[in-house]
Amino acid sequence: MDNRTGHRIVPETARRADLLPDRRSGTRYGNRPTMKDVAARAGVGLKTVSRVVNGEPGVTADTERRVQEAIEALGFRRNDSARVLRKGRTASIGLVLEDLADPFYGPLSRAVEEVARAHGALLINGSSAEDPDREQELALALCARRVDGLVVIPAGDDHRYLEPEIKAGVATVFVDRPAGRIDADVVLSDNFGGARDGVAHLIAHGHRRIGFIGDMPRIHTAAERLRGYRTAMADAGIPVEDSWTSLGVTDPQRVSRAAEEMLSGPEPVTAVFAGNNRVTVTVVRVLAEHRRPVALVGFDDFELADLLQPGVTVVAQDAAQLGRTAAERLFRQLDGILVTPERIELPTRLIARGSGELPPAG
């Protein structure tokens, strides 16, 4: 028993002595067994082991059985990285996300992984934390590990650092936001159209004083959603007051403060359009403590939105389809099918659940 952790420690005496490394032979503990080790244990040549491992013909049943027993006894695993390097591919791709903890990126990442797996490739991912320097560091680190391709959700607006990698044959697709200062494939949602439709929905239910709370203005999605909001208001002939819009970090404290300011004063907003799922969740909490009903439409669906009272009306984008489309284009690049970069924009859909249909409070 380890007194510090409370863990029960049991010596590993159950392993057979003949499976443990022979320290006297000079083999360092922790070294992985090689084909040479398998050949020596099975009493066959190296080429015979290679044939068995790669499923090639020309080996008798008895010899194959001895080789397989040696493989199992030693715990040998084929070195796939060396094998694929000989073919010019590493059978791996990289995914650079904004934040692995953000629920929006879960289905997107899973979709990329499923496409990669269908192509026999491994997915390696990491978070940029919305830091352009971290994004560049991650992307180049993945290239240094010789990934075949990259799917990037950009944090920065200058991706010329990837030009040498792309010229060297690294397939690259940007998703959710476009690349900056280079021509590259990009898969986006219709952020402008979705926001315009969401705000128009509030206007159609009688609202004129509508607030917008979004992410940092330098982010493409935030800027496009703000543009959609302003366009919907302009189309309805409604001038937007400065106090009705707030962009910045999606920290709950900042969003709560912005919402409280919009909801106070002699002429508060009667509705709020929230620029992403994290903003929406914070606004829901603020409205739960508010004394009068306020309409709400959020961009991005989120878990349990339909179970709240009222259910939260959202502009939903298909994160999984974004990831799937981007990954499929990546592998089409790798197969030499795609040459000219394209911009693909996927539609959004408005899901009315009750919060966006509340009338203005008298």
Side-chain angles (χ1 to χ4, degrees), residues 95-109 111-112 127-132 134-135 151-159 173-182 184-201 211-233 245-251 254-255 258 272-283 296-302 305 312-326 342-351:
L95 172 61
V96 180
L97 297 166
E98 176 200 344
D99 184 359
L100 285 169
D102 188 329
F104 173 75
Y105 294 116
L108 188 153
S109 176
V112 173
S127 299
S128 69
E130 207 62 78
D131 180 348
R134 175 62 179 158
E135 174 214 301
V151 176
V152 181
I153 296 171
D157 56 7
D158 187 350
H159 295 92
V173 177
F174 290 80
V175 65
D176 192 43
R177 308 164 187 175
R181 307 184 73 175
I182 64 169
D185 271 323
V186 59
V187 182
L188 308 167
S189 291
D190 182 8
N191 294 284
F192 165 77
R196 181 194 57 205
D197 293 347
V199 175
H201 185 75
F212 176 93
I213 305 177
D215 210 330
M216 292 181 288
R218 66 174 177 79
I219 297 173
H220 169 81
T221 51
E224 283 295 283
R225 292 167 195 177
L226 176 63
R227 189 168 71 89
Y229 161 82
R230 290 190 178 279
T231 298
M233 297 291 274
T245 62
S246 177
L247 280 80
V249 295
T250 55
D251 173 79
R254 198 282 299 182
V255 174
V272 174
F273 185 84
N276 64 33
N277 55 357
R278 286 170 290 183
V279 173
T280 305
V281 169
T282 300
V283 173
L296 171 65
V297 174
F299 202 108
D300 293 333
D301 206 355
F302 61 96
V312 179
T313 296
V314 298
V315 175
Q317 53 179 329
D318 193 336
Q321 187 60 33
L322 279 171
R324 189 176 303 112
T325 304
E342 292 182 357
R343 178 188 178 108
I344 298 174
E345 200 165 84
L346 303 181
T348 59
R349 63 191 180 101
L350 182 76
I351 304 175

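Position 1 is the first residue of the sequence, and the numbers go up from there. All heavy atoms count here, side chains included; hydrogens, waters and symmetry mates do not.
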Could you give the distance from [atom1] ([X]) to [atom2] ([Y]), rounded to the nearest 0.5 Å?
X	Y	atom1	atom2	answer
T245	I213	OG1	CD1	10.0 Å
Y105	D176	OH	CG	4.5 Å
L108	D318	CG	CG	9.5 Å
D215	E130	CG	CD	6.5 Å
D185	R343	CG	CZ	12.0 Å
I219	D157	CD1	CG	11.0 Å

Do [X] and [Y] have side chains that approach each other closer than 4.5 Å (heavy atoms only, starting at C-beta)?
X	Y	result
E98	F104	no
L226	P217	no
V297	V199	no
T313	L350	yes
T348	F299	yes
F212	L247	yes

Nearest heavy-atom pair of [X] and [Y]: which atoms, and what distance?
X	Y	result
V151	A326	CG1-CB, 4.3 Å
A274	L296	CB-CD1, 4.3 Å
A179	A184	CB-CB, 4.4 Å
P178	P154	O-CG, 3.5 Å
A200	A232	N-CB, 4.0 Å

Answer yes or no: is there a donor N or O on one side and an acceptor on the other, between the side chain of [X] and the main chain of [Y], under 3.5 Å?
X	Y	result
S128	L97	yes
R225	A195	no
R177	V186	no
D99	A129	no
S127	L100	yes

Between Q317 and the options D190, T221, D300, the side-chain hydrogen bond (donor to acceptor under 3.5 Å, both in side chains) test singles out D300
Taking the six-membered ring for Trp, are Y229 and F273 ring centroids under 6.0 Å apart? no
Across all chains, not counting sequence neighbours, the salt bridge (Lys or Arg N to Asp or Glu O under 4.0 Å) partners of R227 are E224
Query raised in the report: So N277 and D102, side-chain contact (heavy atoms from CB on, under 4.5 Å) or not? Walk me through it.
Result: CA-CA 9 Å; N277 55 357; D102 188 329; 3.5 Å; yes
Heavy atoms of other groups near D158 CG, more than 12 under 6.0 Å = yes
Residue set satisfying side chain to side chain donor-acceptor pair (under 3.5 Å) with R254, at least two apart, ordered chain then number -> S246
Residues at least two apart in sequence or cross-chain that pass side chain to side chain donor-acceptor pair (under 3.5 Å) with T325, listed by chain then number, are Q321
